[in-house]
Amino acid sequence: MIRSQLKNVLDACFEEGITEGLWSDKATGKFTVELPKHEGQGDFSTNFALVLAGIEKKNPREIAGQISAKLTKVTELVERVDVAGPGFVNVFVKPQVWCALIPQILDTAEQFGTSDVGARRKVIVEFVSANPTGPLSIGHGRQAVLGDSIARLLEVTGHDVFREYYYNDAGRQMRVLGESTRARYLELIGAPFEFPEDGYQGEYIIDIAKSLVEEHGDSLKDYQDVSPFKKQAEQFIFNDISGTLARMGIKFDNYYNEQSLYTDGHIDDVVNELRQKGLVYEKDNATWFKTTDLGQEQDRVIIKSSGEPTYRLPDIAYHREKFRRNFDWLIDIFGSDHIATVPDVLSGVSALGYDPSKVTVVLHQFVTLTRDGKQVKMSTRKANFVTVDELIDEVGVDPVRFFFMMRKADSQLEFDLDLATKQSQENPVYYVQYGFARLCAILRQAEEKGVAIPDFSDVDSSLLVEPEELNLLKTMSGFPQVIESSALDLAPHKVIFYLMELAGQLHSYYNKHKVLTDNVPLSGARLCLIRAIQVVLKNGLNMVGISAPERM
RNA sequence: GCACCCGUAGCUCAGCUGGAUAGAGCACCGGACUUCGAAUCCGGGUGUCGCAGGUUCGAAUCCUGCCGGGUGUACCA
């Protein structure tokens, strides 16, 4: 936030230089204010001189001198300006400017870090979308956390967020599920049975079959229709899935059933509309979507010769419905194995007259589990756990969420079970949470000692002079920016990295400087600082759905 | 074959959309609790940023071509 203040100042100096004839306006919007990597390069630096020198064909050091003379005059913000290297202008900000951040944080409290950049844009985030054929797997877990955190971040940055789970309870998969359940049922009551070839092998099918035996005895024995089996399975599995999601603190605004696309006629609509545009034709008894007309390499089947649509058609119809429901931004979280649908859906909606640039697809790579330094094989067999529930049982909700967010979506994610279960030093979740708990402990201690936490207006903030204190303030001033960019980039991992950084600075500070001392004014100032850090850590954790425990 | 993603320290990964001397965690070694919680801190790094070109004041970052890995490329979802 101080960075943007400085940018405004720099822009003003730039304008001033134009009227003075020092340079033209060609560089408008080209230069930036950055955070230098190394000590001694100031609190902020700007490439102003380098950019202008390139455009104006002048000596960068000369321009650097001119701009730094102007910046130096802004005494309420700037302490000192250096010109370094090829022409970087390094700005040192007055310590009081950093300290002024404390009351801002304390006053805005849980609002600190929120913004309205979203301008109440309506955004729909579709994620998980697993069909109810079994418990959520590790891959779904990553997607669930990713989608939910993205949704949370969009919410705090001023978007109107709608979370949706898309599923299909018809189709082949579900039929096989029903048949598997029936087979287990017949097995349980001792009747002859035949397990379907691609049937679902999991234990949970047996549990479902047991429930049917309890409810109906053997009265379903001669039932030819699979639907009672299917229905029971679906209900059980959905219960299981939503239970898992609830454990992770995830709620959906809507579960969208693919079936409704058929019953409401949207599937036929889409085909007809595409046909009218000359983008649909029949060949080999199937119906094809002429995607070669839309820049793709080959045409795609949308209705099989059996009369059943392929997955593409409902996907396109579903996205069209999202557009028709007036969302401004459509975000899909998919596993990378679904990448093939993306071009088809985008071609489809764009052929139907909607703007494909309003669709953003976040593709995440796979998750592997490691234990004892070795990869855990993820077979459908038992022995090794593969469900999110089992993962949560072993490591806890917060570590699960945290670890799933530690990597950007593009990267494969290695989930280190040994690290996640350690309640110590190495575990980054506890590292951050412990930072928060520690601050709570200090404040409890203050209360016990009868030390009042002063109002910031009664505090002499010039007492906060330690480098660790100023660094903490600098880091905290970047928090709103971090939240905004991780929201707009749909990249929660940035928040995680930020929190580790902030917690690290806090722990260093804690070990070097004591907050509660006999020096009352100093303790007062530090207590205010402590409370500010507490706010930022808590907000950061909560914004990505992780708890901030006061004691651990 | 084609499309997308990845290739950065022993391992797992960041790197703010082009900036200065490339970072963190883990692992390993050595230190710090009569003091606000040691789930913490302090010290210890000799990396061809996969390779080769190109763009420019400047490239891990952008472009092209290779190499290696993953995923997809169905009338499966």
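Per chain, numbering begins at 1; letters A, B, ... match sequence-line order.
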*Phosphate OP1/OP2 of rA14(B) contacted by S411(A) side-chain N/O (<4.0 Å)*: yes

*Which pairs, with at least one residue in residues 492-502 of chain A and sequence neighbours excluded, count as a side-chain hydrogen bond (donor to acceptor under 3.5 Å, both in side chains)?*
D489(A)-K494(A), E501(A)-Q505(A)

*asked:* Is the shortest side-chain heavy-atom distance between Y318(A) and E258(A) below 4.5 Å?
replied: no

*Touch check for A84(A), heavy atoms < 4.0 angstrom, all strands: base, sugar-phosphate only, or nothing?*
base

*asked:* Holding to ring-ring contact (aromatic ring centres under 6.0 Å, His included), I want the full list of residues that pass it with Y262(A), two or more places apart in sequence or in another chain.
replied: none

*K514(A) or M406(A): which one's nearest nucleotide on RNA chain B is closer to the 5' end?*
M406(A)

*asked:* Could you spell out the base pairing of RNA chain B as a dot-bracket line? Use Watson-Crick and G-U wobble contacts where both distances are under 3.5 Å, [ ] for crossing pairs, | for partners on a different strand.
replied: (((((((..((((.....[...)))).(((((.......))))).....(((((..]....))))))))))))....

*Aromatic contact, F252(A) with F127(A) (centres under 6.0 Å)*: yes

*Tell me, do Q534(A) and C440(A) make a side-chain contact under 4.5 Å, heavy atoms counted?*
yes

_Counting only side-chain heavy atoms from C-beta out, which of rA14(B), rU12(B), rG19(B) sits nearest to L50(A)?_
rG19(B)

*What is the distance, rounded to the nearest whole Å, between atom CG of D418(A) and atom P of rU12(B)?*
15 Å

*So what does S485(A) touch, heavy atoms closer than 4.0 Å: a base, only the sugar-phosphate, or nothing?*
nothing

*Is it true that E282(A) and R275(A) make a salt bridge, defined as a side-chain N closer than 4.0 Å to a carboxylate O?*
yes

*Quick one: side-chain contact (heavy atoms from CB on, under 4.5 Å) partners of S129(A), sequence neighbours excluded?*
E126(A), Y166(A)

*Taking atom C1' in both rG69(B) and rU8(B), compute the distance separating them and give it to the nearest angstrom.*
16 Å

*Where the side chain of R407(A) is concerned, which of rA39(B), rU40(B), rU12(B) is the nearest nucleotide?*
rU12(B)

*Rounded to the nearest Å, what distance is computed from the CG atom of residue N427(A) to the P atom of nucleotide rA38(B)?*
18 Å

*Who pairs with V520(A) by side-chain contact (heavy atoms from CB on, under 4.5 Å), at least two apart in sequence or on another chain?*
none

_Say we look at rU12(B) and rU17(B): how far apart would their C1' atoms be, to the nearest angstrom?_
24 Å

*asked:* Please report the distance separating the P of rC36(B) from the corresponding atom of rC11(B), rounded so that it comes out in whole Å.
replied: 41 Å

*Below 4.0 Å: OP1/OP2 of rG15(B) and any side-chain N or O of K408(A)*: yes

*Those residues of residues 531-540 of chain A lying under 4.0 Å from RNA chain B by at least one heavy atom*: none

_Suppose you measure atom P in rU61(B) against the same atom in rU55(B); what distance do you get, rounded to whole Å?_
15 Å

*Between atom CD in Q445(A) and atom C1' in rC36(B), what is the gap in whole Å?*
5 Å

*Position toward the 5' end of RNA chain B (nearest nucleotide), L363(A) or F44(A)*: L363(A)

*Check the distance between rA14(B)'s C1' and D410(A)'s CG and give it to me in whole angstrom.*
13 Å

*Does the ring center of Y434(A) lie less than 6.0 Å from the ring center of H507(A)?*
yes

_Interatomic distance, L35(A) CG vs rG18(B) C1' [rounded to whole Å]_ = 16 Å

_Expressed as a whole number of angstroms, how long is the span from E414(A):CD to rG7(B):C1'?_
15 Å

*asked:* If I pick the C1' atom on rG25(B) and the same atom on rA14(B), what distance separates them, to the nearest angstrom?
replied: 10 Å

_Could you check whether atom CD of E468(A) has more than 12 heavy atoms from other residues, nucleotides or ligands sitting under 6.0 Å from it?_
yes

*asked:* Restricting to side-chain contact (heavy atoms from CB on, under 4.5 Å), what partner residues turn up for Q412(A), sequence neighbours left out?
replied: Q365(A)

*Heavy-atom check, side chain of V81(A) versus side chain of N90(A), under 4.5 Å*: no

*Reading 5' to 3' through nucleotides 71-77 of chain B, protein heavy-atom contacts under 4.0 Å coded B for base, S for sugar-phosphate only, - for none*: SSSSBSB

*Nucleotide rC5(B), atom P - distance to NE2 of H364(A) in whole Å*: 16 Å

*Can you label the angle between the Y165(A) ring and the Y167(A) ring as parallel, tilted or perpendicular, going by 30° and 60°?*
perpendicular

*What do you reckon, are the aromatic ring centroids of F289(A) and Y281(A) less than 6.0 Å apart?*
no

*Nearest whole angstrom, please: distance from the P of rC6(B) to the CG of L413(A).*
15 Å

*asked:* Syn if the chi torsion is within 90° of 0, anti otherwise; quick check, which is rC33(B)?
replied: syn

*Return the residues of residues 493-511 of chain A meeting this criterion: a heavy atom under 4.0 Å from some atom of RNA chain B. Order them by number, or give none.*
H493(A), F497(A), H507(A), S508(A), Y510(A), N511(A)

*Decide, applying a 5.5 Å centre-distance limit and a 30° plane-angle limit (both strict), whether Y431(A) stacks on rA39(B).*
no

*Does rU40(B) fall in syn (glycosidic angle within 90° of 0) or anti?*
anti

*Using a cut-off of strictly less than 4.0 Å between a heavy atom of the residue and any atom of RNA chain B, enumerate the qualifying residues of residues 463-476 of chain A by number.*
none

*F404(A): ring-ring contact (aromatic ring centres under 6.0 Å, His included) partners, not counting sequence neighbours*: F415(A)

*Would you say a side-chain N or O of Y430(A) is under 4.0 Å from OP1 or OP2 of rA39(B)?*
no

*Who are the side-chain contact (heavy atoms from CB on, under 4.5 Å) partners of D198(A), not counting sequence neighbours?*
R172(A)

_From L490(A) atom CG to L488(A) atom CG, the distance as rounded to the nearest 0.5 Å_ = 8.0 Å

_For the NZ atom on K538(A), are there more than 12 heavy atoms of other groups (residues, nucleotides or ligands in this structure) within a distance under 6.0 Å?_
no

*Between rG58(B) and rC66(B), how far apart are the C1' atoms? Round to whole Å, please.*
26 Å

*asked:* Between rA9(B) and rA22(B), how many Å separate the two C1' atoms, rounded to a whole number?
replied: 11 Å

*Return yes if the base of rA20(B) and the side-chain atoms of N90(A) contain a donor-acceptor N/O pair under 3.5 Å, otherwise no.*
yes

*Separation of the C1' atoms in rG19(B) and rC62(B), to the nearest angstrom*: 14 Å

*Atom CD1 in I316(A), atom NE2 in H319(A): separation rounded to 0.5 Å?*
10.0 Å

